[in-house]
Number of protein chains: 2
Amino acid sequence: MTARALANDIQLPAAHAIPEVPPAIARSADRAADAAHLLDNSKLAEPCRACAARGGCHATRLMAMMPGHTASPRLHSRTLSQGEHVFYEGAELKAVYAVKAGSVKTYLTGAAGDEQVVSFHFPGELLSLDALGTRLHGSSVMALENTVVCAVHVAHLEEYIRHSTGGLRWFLGLAAEEIVRHHHTSMLTRSKAEVRLSYFLLDLSMHFRGRGNYAHEFTLNMSRQDIGNHLGLAIETVSRLMTRFQRDGLLEVDRRRITIRDAAALGVMAKIPWRSRMQ
Amino acid sequence: MTARALANDIQLPAAHAIPEVPPAIARSADRAADAAHLLDNSKLAEPCRACAARGGCHATRLMAMMPGHTASPRLHSRTLSQGEHVFYEGAELKAVYAVKAGSVKTYLTGAAGDEQVVSFHFPGELLSLDALGTRLHGSSVMALENTVVCAVHVAHLEEYIRHSTGGLRWFLGLAAEEIVRHHHTSMLTRSKAEVRLSYFLLDLSMHFRGRGNYAHEFTLNMSRQDIGNHLGLAIETVSRLMTRFQRDGLLEVDRRRITIRDAAALGVMAKIPWRSRMQ
DNA sequence: CGCTAAATTGAAACCTTTCAAACTTCGTGG
DNA sequence: CCACGAAGTTTGAAAGGTTTCAATTTAGCG
């Protein structure tokens, strides 16, 4: 692998610039997280309300199953700065995490140290579901900005699914949703660059709309590098397409600020079927 | 969309050559399946034993939860010929299906009638998990050869997860496995054609090995068109790569019969990490 | 045995990546 | 508060890989 190729990969912050992060390090990081519970909730509750408005916020669900959640929920929360990790691939699963505020990226590390951004996650979404089988994290999660995550012990999750009303249905729906998302992204494999990027932007737009924000105006929390890596495109291609989309009046780009001007045309380009959740 | 582009899409058999299959049709097909239970089990049991040997056969799990499974399991089974559908996208979910014998492909239908092969499934695997949330099938499933599927009512599945020992753990693992598979395939998005195809062949090889068959010699149940569609490659590219792989001594290709000659080299080409389940 | 579908092979067009360089932004330190 | 350096982004030009178009060969089926 050339140095050029590596340049398109994720850059770990200096403190974590270790070729292979040993499980021991990751575990100690998790222990630190456990110690950082009993956090101020005034700020945490805010994004959850936004999620609840949507009715599909998984974080709210998880909050509801925490002991004493109504009055003053004692969450096992953790704040992260940009670049900090929630957990590393290979680490032991100690809890399922929900994003409370901010945003994160999930990525895999290849044999050659190269990395692949699998997905981005926003408030209300769960993070470590892929570890429920092996009990080892199959991916790493890094904060894209100042972020708050909430940890729920797996035992609590299992109890909730097994005994709570609607808990099982909730989880079945969650699993199904994950698979459907997989199906959608797999359609991008055969698509051209413009389809991938337009789909990505619209998907993001719908995410923000679902959270009660403007759908046509938002800021990208991730770098061009992350976008390109995630979509399987060179960052130059992403940049060029952004420019072209703006030239064609589809959207306005100001650094990481995106304004969608012609959502319909963008939808046609993304080849989004009507039945899809993004209409 | 040009006629040429459509040529790479799935061709429905004449009997089903309807642009949009109405849910009514799909539902009647499901009803026919329900009527076709009480099937001969002598042949059905065989692939299940093979799965049981592996220890991870979901069909076996599901069989175990059927009433009276030990002596003469009364399975809601259904036999399909090549080209027949288990269910169509948009149809109401009536049961979760497991492949008992044969093989199927799962695909989505786009707005323009174009289609995308999402995955292939073999004995022991479950099919309609993506419908557990909406209770509507999010994808269509077609038999690639003479195939037998077993239907398990969702209520039974839920009861099993909730009350049976290890049932929940089993399902959590299943969901996690699905997500991990998603992660792996998403790595192919940014890969070149040779990586995609070599990964596909090795993945298939491991599938067969897990089922007690030879890992280095197997036959492709699907057409080049299906392979190309699934991998996001033109069928010509698939064909050319097959030829090249053979020329380079990586494998031998005789029509749909594949013999892997140099699995190590193929693994290097596929960039498979050591920790992966495919070693 | 002939027809039709599937698969293979060749050549040109197209798209994306790669290489290279300039430019902008942001954080840090003077 | 400004300057500087590092990182991120944009833009151009050439190289490479994949698709498309076209034609041929092979296999499957009635």
Side-chain angles (χ1 to χ4, degrees), chain A residues 1-14 17 81-83 114 117 144-146 188-198 219-229 231-247 252-258 269, chain B residues 1-14 17 81-83 114 144-146 188-198 219-247 252-258 269:
Chain A
M1 174 156 297
T2 67
R4 172 66 191 168
L6 279 170
N8 193 24
D9 295 326
I10 313 305
Q11 302 297 334
L12 289 174
S81 304
Q82 201 256 40
D114 58 319
V117 175
L144 294 171
E145 59 191 305
N146 289 346
L188 298 182
T189 305
R190 67 192 297 228
S191 301
K192 300 218 178 302
E194 61 177 29
V195 178
R196 300 188 194 192
L197 185 60
S198 55
T219 85
L220 299 171
N221 321 69
M222 66 295 291
S223 66
R224 297 282 193 276
Q225 201 164 62
D226 283 337
I227 295 173
N229 186 304
L231 296 176
L233 301 173
I235 60 174
E236 293 94 332
T237 304
V238 174
S239 183
R240 268 184 263 269
L241 281 174
M242 290 279 205
T243 304
R244 203 187 84 192
F245 285 174
Q246 171 156 325
R247 175 172 57 74
E252 245 170 72
V253 185
D254 174 32
R255 192 104 186 108
R256 291 194 178 183
R257 190 82 191 161
I258 301 290
M269 178 165 287
Chain B
M1 175 157 297
T2 66
R4 172 66 190 166
L6 281 170
N8 193 26
D9 296 326
I10 313 303
Q11 303 297 332
L12 288 175
S81 305
Q82 200 256 38
D114 58 318
L144 294 171
E145 60 191 304
N146 290 345
L188 297 182
T189 304
R190 66 191 298 226
S191 300
K192 300 214 178 303
E194 60 177 29
V195 178
R196 299 188 194 191
L197 185 59
S198 55
T219 85
L220 300 171
N221 321 70
M222 65 296 290
S223 66
R224 298 281 194 276
Q225 200 164 62
D226 283 337
I227 296 173
N229 186 303
H230 175 54
L231 297 176
L233 302 173
I235 60 174
E236 293 95 328
T237 304
V238 174
S239 185
R240 270 185 261 270
L241 282 174
M242 290 281 203
T243 304
R244 202 185 86 192
F245 285 175
Q246 172 156 322
R247 175 172 56 73
E252 245 168 73
V253 185
D254 174 31
R255 194 96 189 117
R256 291 193 179 184
R257 189 81 192 163
I258 301 291
M269 179 165 286

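Scope of the values below: all heavy atoms of this structure, side chains included, with no hydrogens, waters or symmetry mates. Below, chains carry the letters A, B, ... as their sequence lines are ordered, and counting in each starts from 1.
Mapping B:Leu241 and A:Val238 onto DNA chain D via the closest heavy atom, the residue that lands nearer the 5' end is A:Val238. Taking the nucleotide of DNA chain C with the nearest heavy atom to each of A:Arg255 and A:Glu194, the more 5' of the two is matched to A:Glu194.
Of the candidate nucleotides C:dT18, C:dT8, D:dT19, C:dT8 has the atom lying nearest to any side-chain atom of B:Ser239. Among the nucleotides C:dA7, C:dT16, C:dT18, the one closest to the side chain of A:Ala234 is C:dT18. Side chain of A:Thr243, nearest nucleotide from C:dA7, D:dT11, D:dT19: D:dT11. Closest contact between the side chain of B:Lys192 and the listed nucleotides D:dT9, C:dA7, D:dT18 involves D:dT18.
Atom CE of A:Met269 is separated from atom P of C:dC15 by 12 Å (rounded to the nearest Å). Rounded to whole angstrom, the span from the CG atom of A:Asp254 across to the C1' atom of D:dG8 amounts to 15 Å. Rounded to whole angstrom, the span from the CD atom of A:Gln82 across to the P atom of C:dC26 amounts to 13 Å. We find that CD of B:Glu145 is positioned 15 Å from P of D:dG28, with the value rounded to whole Å. B:Glu236 has its CD atom 14 Å from the P atom of C:dA6, to the nearest Å. Whole-Å rounding puts the B:Met222 CE to C:dA5 P distance at 22 Å. Following rounding to the nearest Å, A:Gln225 (CD) and C:dT17 (C1') show an atom-to-atom distance of 15 Å. The distance from atom CD1 of A:Ile235 to atom P of D:dG8 is 9 Å, rounded to the nearest whole Å.
B:Arg196 comes within contact range of no nucleotide atom at all, as no heavy-atom separation falls under 4.0 Å. No engagement by B:Arg244 is indicated, since no non-hydrogen atom pair under 4.0 Å with the nucleic acid exists.
The side chain of B:Ser223 places no N or O atom within less than 4.0 Å of a non-bridging phosphate oxygen (OP1 or OP2) of C:dA6.
Atom CE of A:Met242 is separated from atom CG of A:Leu220 by 5.0 Å, given to the nearest 0.5 angstrom. Rounding to the nearest 0.5 Å gives a distance of 10.5 Å between CD of B:Gln82 and CG of B:Asn221. In this structure, the separation between CG on A:Leu197 and CG on A:Leu231 is 6.5 Å, given to the nearest 0.5 Å.
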Go through B:Met222 and B:His230 one step at a time and tell me if the side chain to side chain contact (heavy atoms under 4.5 Å, CB included) criterion holds.
-> CA-CA 10 Å; B:Met222 65 296 290; B:His230 175 54; over 6 Å; no
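Not one N or O on the side chain of A:Arg256 forms a donor-acceptor pair closer than 3.5 Å with the backbone of A:Thr219.
Contact annotation: side chain of A:Arg240 to base of C:dT18, donor-acceptor pair present below 3.5 Å.
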